[in-house]
Amino acid sequence: DAGITQSPRHKVTETGTPVTLRCHQTENHRYMYWYRQDPGHGLRLIHYSYGVKDTDKGEVSDGYSVSRSKTEDFLLTLESATSSQTSVYFCAISRTDNSPLHFGNGTRLTVT
Amino acid sequence: DQQVKQNSPSLSVQEGRISILNCDYTNSMFDYFLWYKKYPAEGPTFLISISSIKDKNEDGRFTVFLNKSAKHLSLHIVPSQPGDSAVYFCAATAGNAGNMLTFGGGTRLMVKT
């Protein structure tokens, strides 16, 4: 079981509030990813990181920012949460950019 | 527009029989395909993959078939077991995109005893 911890596991927040989700890995993998899962859409890439302080946008990056100040931590921030950001968020890691992804157990976020 | 589609939201199969999960894609640049399996309240786990230079890849009870001309792949599970009950996601990527995976919407497989 890949050492990936997502926190919190569940969160309910109000529209307009900032929210930060944390992904922590103990595998020392270079690549980290944030996906969101929504019914009918599967998983969609939000942002990814290919090293400390190196990040880039994915398919659905609007309204999200990320930071990676240490190899083991990748933070996803919703600056001002909206109801459309209600979703399940998954962090994933990989050793190289073409080795299989290992996912965390997800964070269920509800924006009311 | 979804570039990877799993047109069957759910599939029910009797234990011991074959499960066939299907996936279609539209992007001709995709050259590597993966299947992930997901249990409730857990993250997806990698199951099996196939490169576009092959048309079949086998791993135990799991076989993935790729038909490039039809832009179609399928996952066969033989024999199906109750523990296979999960949501299965098909994913694809292009060679220069590395792990920038495009996922299908998923198919929920239920294996009945």
Side-chain angles (χ1 to χ4, degrees), chain A residues 1-10 21 23-25 27 29-51 54-61 74 87-109, chain B residues 1-10 21-27 30-53 57 59 62 64 73 75 86-108:
Chain A
D1 189 24
I4 309 170
T5 304
Q6 291 187 234
S7 58
R9 291 296 312 275
H10 301 272
L21 309 183
C23 177
H24 178 78
Q25 61 144 329
E27 305 295 320
H29 283 359
R30 178 180 173 188
Y31 295 84
M32 299 186 76
Y33 311 79
W34 277 107
Y35 282 86
R36 60 178 286 176
Q37 184 196 358
D38 303 290
H41 289 277
L43 290 92
R44 292 178 292 175
L45 182 64
I46 305 171
H47 281 279
Y48 64 99
S49 169
Y50 43 94
D54 289 325
T55 65
D56 209 343
K57 296 179 179 180
E59 178 189 356
V60 290
S61 60
F74 193 31
S87 187
V88 181
Y89 291 85
F90 288 99
C91 173
I93 64 174
S94 65
R95 185 180 302 279
T96 69
D97 68 348
N98 57 16
S99 52
L101 298 179
H102 296 283
F103 285 86
N105 285 333
T107 294
R108 182 174 295 276
L109 176 68
Chain B
D1 192 27
Q2 283 192 297
Q3 298 183 66
V4 178
K5 288 186 180 179
Q6 295 176 252
N7 291 316
S8 298
S10 64
L21 295 91
N22 294 304
C23 178
D24 297 297
Y25 62 96
T26 57
N27 189 339
F30 288 150
D31 60 2
Y32 193 66
F33 305 88
L34 308 92
W35 285 92
Y36 281 81
K37 173 180 177 179
K38 185 185 179 303
Y39 292 119
E42 295 183 9
T45 56
F46 169 71
L47 192 57
I48 192 169
S49 63
I50 188 167
S51 164
S52 61
I53 63 173
N57 189 26
D59 183 1
F62 303 91
V64 56
L73 63 156
L75 175 68
V87 177
Y88 290 79
F89 292 100
C90 168
T93 185
N96 61 354
N99 263 333
M100 304 274 286
L101 300 181
T102 300
F103 282 84
T107 296
R108 182 178 301 279

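Numbers restart at 1 for each chain; the letters A, B, ... are given by sequence-line order, proteins then strands. All figures in this text were calculated on a predicted structure; none of them were measured in a lab.
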**Request:** Decide yes or no for A:Asn98 and B:Tyr32: does some side-chain heavy atom of the first lie under 4.5 Å from some side-chain heavy atom of the second?
**Result:** no
**Prompt:** Considering residues, nucleotides and ligands other than A:Arg95, do more than 12 of their heavy atoms fall under 6.0 Å from its CZ?
**Reply:** no
Side chain from CB out, backbone as N, CA, C, O: work out which of these in [X] comes under 4.5 Å of a heavy atom of chain B, or both, or neither.
X: A:Gln37; value: side chain
X: A:Tyr31; value: neither
X: A:Leu45; value: side chain
X: A:Arg9; value: side chain

Nearest heavy-atom neighbours spanning [X] and [Y]:
X: B:Glu42; Y: A:Phe90; result: O-CE2, 3.7 Å
X: B:Phe46; Y: A:Pro100; result: CG-CB, 3.7 Å
X: B:Pro44; Y: A:Leu43; result: CG-CD2, 4.1 Å

Pick one of side chain, backbone, both or neither for [X], based on which atoms fall under 4.5 Å of a heavy atom in chain A.
X: B:Lys5; result: neither
X: B:Tyr36; result: side chain
X: B:Gln2; result: side chain

**Item:** Residues in side chain to side chain donor-acceptor pair (under 3.5 Å) contact with A:His41, at least two apart in sequence or another chain
**Value:** none
**Message:** Are there residues of residues 99-108 of chain B whose heavy atoms fall under 4.5 Å of chain A's heavy atoms? If so, which?
**Reply:** B:Asn99, B:Met100, B:Leu101, B:Phe103, B:Gly104, B:Gly105
